[in-house]
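Note on naming: letters A, B, ... go to the chains in the order of the sequence lines (proteins, then strands), and numbering restarts at 1 for each one. Note that this is a predicted model, so its numbers are computed, not measured.
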2 protein chains.
Amino acid sequence: MSRKKQIEQTATALFKSKGFSATSMRDLANALGIEAASIYSHIKSKEEILQRVCFRMADEFFEAIDAAEATGGTATERLQHAIAAHVQVLTNNTEASAVFLHEWRHLSEPFHSQFLSLRDTYEARFRRIIRTGIENGEFTVPDEKFAALTILSGLNWIHTWYKPEGKMTPAEIAGNLSLMLLMGLKTKTDTTLPKSHLTTP
Amino acid sequence: MSRKKQIEQTATALFKSKGFSATSMRDLANALGIEAASIYSHIKSKEEILQRVCFRMADEFFEAIDAAEATGGTATERLQHAIAAHVQVLTNNTEASAVFLHEWRHLSEPFHSQFLSLRDTYEARFRRIIRTGIENGEFTVPDEKFAALTILSGLNWIHTWYKPEGKMTPAEIAGNLSLMLLMGLKTKTDTTLPKSHLTTP
DNA sequence: TAGCGAGCCTAACAACCGTTAGCAAATTTG
DNA sequence: CAAATTTGCTAACGGTTGTTAGGCTCGCTA
């Protein structure tokens with residue numbers, strides 16, 4: 001592995017555990033066993049590392065959802081595939097995922113805006129699947145954007161606990177999440193919510 | 001309002017938008033229109049602000065869930081109340097909530113450990129409701145901890161977009177979230193589902 | 001064997017960090 | 001009105017920050 005990749009990987013681990021701002025170049029150098037100044041033989045700046053991690057992960061998420069949507073099928077199936085693809089990327093590199101999810105706001109312009117734009121586009125992909133499902137009667141949901149964001153945020157906590165050696169495989173995690181988010185907690189034979197809390201506008 | 005509260009509030013806004021580490025005392029002073037050193041007439045240290053915000057919010061979440069659970073009822077009803085209570089706290093102060101959710105890791109010991117312990121206890125409250133619901137057949141879910149964390153992470157993104165002047169009230173948001181998380185996205189053909197949002201009576 | 005690039009070093013920079021000391025003005029309280 | 005408290009100031013501290021300059025030492029290749 002190239003030295004640059006090694007630096008990137010070590011930095012990613014530190015960024016995840018301490019955050020970008022709280023990680024100094026001297027911390028990073030110490031973790032690598034070299035001097036801080038030596039790092040600049042390989043990278044241009046501290047932020048360059050963050051940029052590379054954020055945009056590489058963005059690429060991975062897009063590639064994954066592209067492949068998932070290409071399979072076609074019903075909205076339910078496409079959503080399941082998109083969830084599985086998202087979980088796959090998330091579990092494949094939890095450290096980079098954590099940085100991608102939490103540290104992007106330390107990007108300077110124009111990268112900050114670029115990143116947000118990519119994120120919006122990605123969310124729109126989920127939204128479109130859900131809208132299709134609403135239109136053809138597969139889903140019943142108050143608001144399509146609301147649903148998409150709830151699903152995504154329900155997926156994005158995985159990186160906090162997932163360990164490759166754990167007992168659930170990424171596919172099983174994806175299956176459980178799909179089940180919960182598509183079917184809800186309620187037992188199928190009794191699916192009504194208490195009436196005292198419902199009103200129809 | 002006391003000057004100390006004012007400082008805390010301004011700091012909270014900055015911590016939310018830039019993060020704790022990336023917010024300097026000179027940034028905070030600038031936002032307050034005074035000199036950095038002047039802040040120390042009111043607080044002991046930068047971290048004191050973070051501590052106060054984190055533990056005050058923890059208190060609020062516990063008070064809310066205490067009140068919610070005290071109402072009794074089925075597991076479904078208790079979970080709905082707990083969700084509504086959580087959303088209420090979250091929407092009541094989005095800035096402090098964001099700090100509570102994302103900046104706690106910059107707490108030093110023993111506060112860091114204390115905070116994590118409180119968070120675990122809070123999550124266990126949700127888990128217990130869900131376990132009850134599984135045991136008496138209200139819920140069908142693969143794993144109780146998994147379900148609790150998925151629900152909580154599905155709630156905890158609200159602070160990123162909620163504005164008090166928006167068109168959904170906190171109660172409506174809670175209703176929509178309850179609906180999505182309890183019933184899922186899939187259309188149920190065997191029951192009459194409310195077509196839109198919920199409101200508390 | 002000469003040369004080259006990769007990799008790392010030391011030294012140092014200017015800027016910024018949280019915080020303290022000591023003092024002055026303003027405001028509140030007796 | 002006097003005393004006490006609140007609120008803010010300037011100046012400065014010791015330390016840390018990201019980064020640059022310039023040079024040394026290897027292993028590889030021409």
Side-chain angles (χ1 to χ4, degrees), chain A residues 1-55 95-96 99 102-112 115, chain B residues 1-55 95-96 99 102-112 115:
Chain A
M1 185 170 48
S2 85
R3 203 73 178 101
K4 182 161 183 173
K5 287 270 175 196
Q6 224 174 95
I7 291 171
E8 223 174 276
Q9 197 171 308
T10 308
T12 303
L14 289 173
F15 291 170
K16 173 178 181 174
S17 65
K18 313 176 50 174
F20 177 77
S21 302
T23 303
S24 73
M25 292 304 279
R26 283 162 180 85
D27 288 339
L28 174 55
N30 193 54
L32 288 162
I34 60 177
E35 293 300 315
S38 306
I39 301 174
Y40 288 85
S41 301
H42 306 280
I43 62 159
K44 205 175 67 58
S45 70
K46 185 187 177 187
E47 204 197 299
E48 187 202 339
I49 305 177
L50 182 62
Q51 288 163 13
R52 291 173 64 93
V53 174
C54 287
F55 288 99
E95 289 174 345
V99 172
H102 298 312
E103 306 300 329
W104 55 265
R105 61 176 165 165
H106 298 109
L107 291 169
S108 63
E109 291 297 348
F111 304 101
H112 188 270
F115 183 90
Chain B
M1 183 171 47
S2 85
R3 204 68 177 105
K4 182 161 180 170
K5 287 271 175 195
Q6 225 174 94
I7 291 171
E8 224 173 277
Q9 198 170 305
T10 309
T12 304
L14 288 174
F15 291 171
K16 172 175 182 177
S17 65
K18 314 176 45 172
F20 176 76
S21 302
T23 303
S24 73
M25 292 304 279
R26 285 164 179 86
D27 288 338
L28 174 54
N30 192 55
L32 289 161
I34 60 178
E35 293 299 314
S38 305
I39 301 173
Y40 288 85
S41 300
H42 306 279
I43 62 159
K44 204 176 67 56
S45 69
K46 184 187 176 186
E47 205 197 298
E48 188 202 339
I49 305 177
L50 182 62
Q51 288 163 14
R52 291 173 64 94
V53 174
C54 286
F55 288 99
E95 288 175 346
V99 173
H102 297 314
E103 307 300 327
W104 54 267
R105 61 176 166 168
H106 298 110
L107 291 169
S108 63
E109 293 297 347
F111 304 102
H112 189 269
F115 183 90

### Query
At under 4.0 Å, does any side-chain N or O of Ser24(A) touch on OP1 or OP2 of dT16(D)?
no
### Query
Taking the side chain of Glu35(A) as heavy atoms from C-beta outward, which of dC9(C), dT19(D), dT19(C) is closest to it?
dC9(C)
### Query
Given atom CG of Leu28(A) and atom C1' of dC8(C), what is their separation to the nearest angstrom?
14 Å
### Query
Between Leu32(B) (CG) and dC9(D) (P), how many Å, whole number?
10 Å
#### Entry: Residues from residues 40-47 of chain A lying under 4.0 Å of DNA chain C - heavy atoms
Ser41(A), His42(A)
#### Entry: Whole-Å distance separating the CG atom of Asn30(B) from the P atom of dC9(D)
11 Å
### Message
For a quick test of reading the model, state the closest non-hydrogen atom pair linking Leu32(A) to Gln6(A) and the distance between them.
### Response
CD2-O, 4.2 Å
### Task
Calculate, to the nearest 0.5 Å, the distance between atoms CG and CG belonging to Leu28(A) and Leu14(A) respectively.
6.0 Å
### Summary
Closest non-hydrogen contact found for Glu103(B) with Phe15(B) is OE2-O, 3.8 Å
### Task
Identify whether NZ of Lys or CZ of Arg in Lys46(A) sits under 6.0 Å from the centre of the six-membered ring of Tyr40(A) and within 45° of that ring's axis.
no
### Query
With no hydrogens and no angle check, is any side-chain donor or acceptor of Ser38(A) less than 3.5 Å from a backbone partner on Ile34(A)?
no
### Message
What is the distance, to the nearest angstrom, from the CE atom on Met25(A) to the P atom on dC17(C)?
### Response
18 Å
### Query
Roughly, in whole Å, what's the span from CZ in Arg3(B) to P in dA25(C)?
20 Å
### Task
Output the distance between atom CD (Gln51(A)) and atom OG (Ser45(A)), rounded to the nearest 0.5 Å.
6.0 Å
#### Entry: Interatomic distance where CD1 belongs to Ile49(A) and P belongs to dG18(D) [whole Å]
10 Å
#### Entry: Residue mapping more 5' on DNA chain D - nearest nucleotide basis, Phe20(A) or Ile34(B)
Ile34(B)
### Task
Counting heavy atoms from C-beta on, name the nucleotide in dT19(C), dT7(D), dT20(C) closest to the side chain of Ala37(B).
dT20(C)
### Query
Sub-3.5 Å donor-acceptor pair from the side chain of Glu48(A) to the main-chain atoms of Lys44(A), do we have one?
yes
### Query
Touch check for Ser21(A), heavy atoms < 4.0 angstrom, all strands: base, sugar-phosphate only, or nothing?
nothing
### Message
Between P on dC17(C) and NE2 on His106(B), what's the gap in Å once rounded to a whole number?
### Response
15 Å
### Query
Could you state the CD1-P distance from Ile7(A) to dA6(C), rounded to the nearest angstrom?
13 Å
### Task
Please tell me which of Lys4(B) and Arg26(B) maps to the more 5' nucleotide of DNA chain D, matching each residue to the nucleotide holding its nearest heavy atom.
Lys4(B)
